[in-house]
Amino acid sequence: MKKNLAQILVIALCCLGSTHLFAQKFEELGQTPPMGWNSWNTFQTNINEQMLKDMVDAYVSSGMRDAGYTYFVLDDGWMSMDRDSNGNLVADPKKFPDGMKAFADYVHSKGLKFGIYNCAGTKTCAGYPGTHGYEYQDARLYASWGVDYLKFDWCNTDSINARDAYTTMSRAIRAAGRPMIFSLCEWGNHQPWLWAKNVGQLWRTTSDIHAGFDKDLSYGSWTSYSVMHILDLQVPIRQYAGPGHWNDPDMLEVGNGMSYAEDKAHFSLWCMLAAPLIAGNDLRKMSDQTKSILTNKEVIAVDQDSLGVEGFRYYSFDGLEIWVKPLKNNAIAVCFLNRSSRQQNIYYNWKDHDITDSVSNMHIDFNGGSYSLRDLWSQKNMGTTDKTFKQSIGSHEVIMLKLSKIN
Ligand code: GLA
C-alpha cells in the first residue's frame with residue numbers, strides 16, 4: 001500500500017515536472033483582451049519618470065482604471081544606450097532618476113499592473129539595446145522589477161527566425177517565474193496567428209496604426225496603416241483568436257486627432273474585434289468626449305465578453321457595413337458602420353436576415369424569437385427586432401447595438 005502511494009507520488013511529480021518543462025506562457029493570463037495604456041502613440045521615446053507618474057495619476061483620476069484598464073506599459077526609449085558591465089539593461093538615469101523598480105512600485109501602488117518593451121533583434125526600433133542573446137537575463141531583470149507585461153518588437157532581426165525568437169522569450173519569461181502577459185509585435189509578417197497560441201497572449205496583426213480613418217501614411221521604407229485598413233486585414237484571421245490568445249490590431253488612437261465620430265467608430269470596431277484595448281492618448285488632458293469613449297462600460301463589455309469570439313463583417317454594400325459579434329447568453333452585438341463620405345439611411349428588417357457564424361456555431365433567425373435592442377452609445381433601449389430598424393447614420397459614424405434574447 002505504502003509502495004503504491006510512493007509510486008503514485010513519483011508519477012504525479014514527474015507529470016508536474018514535465019508540464020512545467022513544456023509549458024511556455026502563463027495560461028491563466030489574458031482570458032479577456034488585455035486593457036491598458038502605452039506610451040508610444042503620443043510620446044514615442046520622449047518619456048520620463050515625472051511625466052509618467054502624472055500619467056499614472058491621471059489613469060486613476062480619469063476613471064480609466066475603474067472602467068477596467070489595468071496595464072501601464074512603457075514602450076521604446078526607456079533604456080540607456082548600453083548595457084552595464086554585467087550585461088544588464090539599465091533604465092536611462094536621466095529619464096528615470098529613481099530607477100525602474102521604483103517606477104514599477106509606483107504603478108503597482110495605484111492598483112495597476114506594469115508593462116515594459118523590448119525587441120527580439122539586436123536593437124529596438126528606436127535603436128536601444130535589443131534582447132537577442134540576452135533573453136533569460138532580461139526576463140529575470142524584468143521579474144525582479146515586478147514587470148507584468150512585455151511587448152516584444154521585431155526590428156533589427158536580420159536572419160533571426162521569428163517563431164524561434166518569440167518561443168525563446170516566452171520560455172525565458174516562464175523560467176523567470178513571474179506571470180507576465182507576452183505581447184508579440186512582429187506586425188503579422190510571419191502569420192503569428194498560426195503558431196503563437198501557446199507562445200503569448202496577443203500578437204500584432206499589421207503594421208503600425210496612426211490616427212487616420214481611411215488613409216495610410218507612407219514613411220518611405222514603411223507604411224503606417226489607417227483604422228479602416230487595419231480593420232479589413234482582420235477579416236480572414238478572426239478564427240485564430242480566443243481567450244488567452246488574441247489578434248492585436250494595434251493600440252488605440254482615440255483622442256489623438258480623428259473626429260469624435262471616427263474615434264467612436266475606431267473604438268467600437270476594436271471592441272467588435274475583441275481587440276486588446278491599449279489606449280495611447282495623453283490621459284492628463286483628455287477631452288470629455290475622449291473620456292466618454294474610452295470609459296463607456298457597455299461598449300467595453302462587448303470587447304470583454306467572456307465567450308471571446310472575434311466579430312465578423314456580416315454585410316457590406318456601398319460603404320455601409322454591418323459587423324456582428326456573438327456574446328454570452330445568446331446575445332449579440334451589431335455595429336452599423338458608414339465608411340462613405342455621405343449620410344446614409346438604415347432601413348433594416350431583422351426578420352429578413354438570418355445570421356449564421358460557423359466559427360462560434362451561432363445561428364439566429366429573428367422569426368424564431370425576438371431580441372431587445374440597446375443602443376450602446378446613446379445608452380437607450382430601442383425596442384425589439386420585431387420592428388424594422390430605421391435610423392440615419394452620418395459619414396464615418398457607427399451605431400452599436402446589443403441584442404438580447406427575450407424569453
Ligand atoms: C514598432 C512597433 C510600435 C512601437 C515602435 C517603437 O514600430 O510596432 O508599436 O513599439 O516600434 O520603436
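A quick note: this is a predicted structure, and the numbers were derived from the prediction, not measured.
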Inset, instruction - Please lay out, stage by stage, how H245 and N198 fare under the test side chain to side chain donor-acceptor pair (under 3.5 Å). - result: CA-CA 8 Å; H245 52 277; N198 298 318; over 6 Å; no
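- None of W246, F152, F26 except one satisfies the ring-ring contact (aromatic ring centres under 6.0 Å, His included) rule with F182; the exception is F152.
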Legend entry - side chain to side chain donor-acceptor pair (under 3.5 Å) assessment of Y59 paired with D54: CA-CA 9 Å; Y59 196 125; D54 293 344; over 6 Å; no
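- The two residues K25 and K197 come nearest to each other via the heavy atoms NZ-O, 2.8 Å.
- Using a cutoff of 4.0 Å between basic side-chain nitrogens and carboxylate oxygens, K351 and D365 are not scored as salt-bridged.
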Inset, instruction - Check step by step if disulfide (SG to SG under 2.5 Å) holds for C125 and C119. - result: CA-CA 8 Å; C125 296; C119 181; 5.1 Å; no
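- Salt bridge annotation for R342-D318: present, with a cationic side-chain nitrogen under 4.0 angstrom from a carboxylate oxygen.
- Under the 6.0 Å distance and 45° angle rule, K390 does not count as a cation-pi partner of Y347.
- Residues S170 and T167 bring no donor and acceptor atom of their side chains to less than 3.5 Å of each other.
- Between the side chain of S207 and the backbone N or O of T223 there is at least one donor-acceptor pair closer than 3.5 Å.
- In this structure, K264 forms a cation-pi arrangement with W377, its terminal cationic atom sitting closer than 6.0 Å to the ring centre and no more than 45° off the ring axis.
- There is no side-chain donor-acceptor pair under 3.5 Å between N256 and H210.
- Under a cut-off of 6.0 angstrom, the local environment of NZ in K95 is crowded, with over 12 non-hydrogen atoms contributed by other residues, nucleotides or ligands.
- A salt bridge links R339 with D232: the distance from a Lys NZ or Arg NE/NH1/NH2 to an Asp or Glu carboxylate oxygen falls below 4.0 Å.
- If you check the side chains of H363 and T356, you find a donor sitting under 3.5 Å from an acceptor.
- Between Y71 and F114, the ring center distance fails the sub-6.0 Å criterion.
- In this structure a side-chain-to-backbone donor-acceptor pair under 3.5 Å is present from D357 to V359.
- Residues S224 and D208 bring no donor and acceptor atom of their side chains to less than 3.5 Å of each other.
- Looking at T70 and R65, their side chains never come closer than 4.5 Å, going by heavy atoms from C-beta outward.
- Pairs passing the ring pair (Phe, Tyr, Trp, His ring centres under 6.0 Å) check and including a residue from residues 255-300, sequence neighbours excluded, read H266-W270.
- In this structure, F317 and Y315 have tilted ring planes: the angle between them lies in the 30° to 60° band.
- Side-chain atoms of N247 and E310 form a donor-acceptor pair, as typed in the model, at a separation below 3.5 Å.
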Would you mind writing out the side-chain donor-acceptor pairs for residues 393-405 within the sub-3.5 Å range, not counting sequence neighbours?
residue, atom, partner, partner atom, Å
S395, OG, S340, O, 2.9
H396, ND1, E262, OE2, 2.6
E397, OE1, G394, N, 2.9

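- Between the side chains of D386 and S370, a donor-acceptor pair is found at a separation under 3.5 Å.
- Aromatic pair F72/Y149: centroids not less than 6.0 angstrom apart.
- Using a 3.5 Å distance cut-off with no hydrogens or angles, the side chains of Y117 and D153 do pair a donor with an acceptor.
- Inspection of the Q344 and S392 side chains reveals no N or O donor paired with an N or O acceptor under 3.5 Å.
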Using residues 134-145 as the side-chain source, report each donor-acceptor pair under 3.5 Å to any protein atom, sequence neighbours left out, with the distance given to one decimal.
residue, atom, partner, partner atom, Å
E135, OE1, G133, N, 3.2
E135, OE2, G133, N, 3.2
Q137, NE2, N86, O, 2.9
Q137, NE2, G87, O, 3.2
Q137, NE2, N88, OD1, 2.9
D138, OD1, R83, NH1, 2.9
D138, OD2, R83, NH2, 3.0
D138, OD2, T131, OG1, 2.8
Y142, OH, N118, ND2, 3.3
S144, OG, L141, O, 2.7

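- For the 3.5 Å distance criterion, the side chains of D375 and Q379 fail to qualify, holding no donor opposite an acceptor.
- Between H190 and W154, the ring center distance clears the sub-6.0 Å criterion.
- Residue N281 forms a side chain to side chain contact (heavy atoms under 4.5 Å, CB included) with just one option from L294, L252, N41, and that option is L294.
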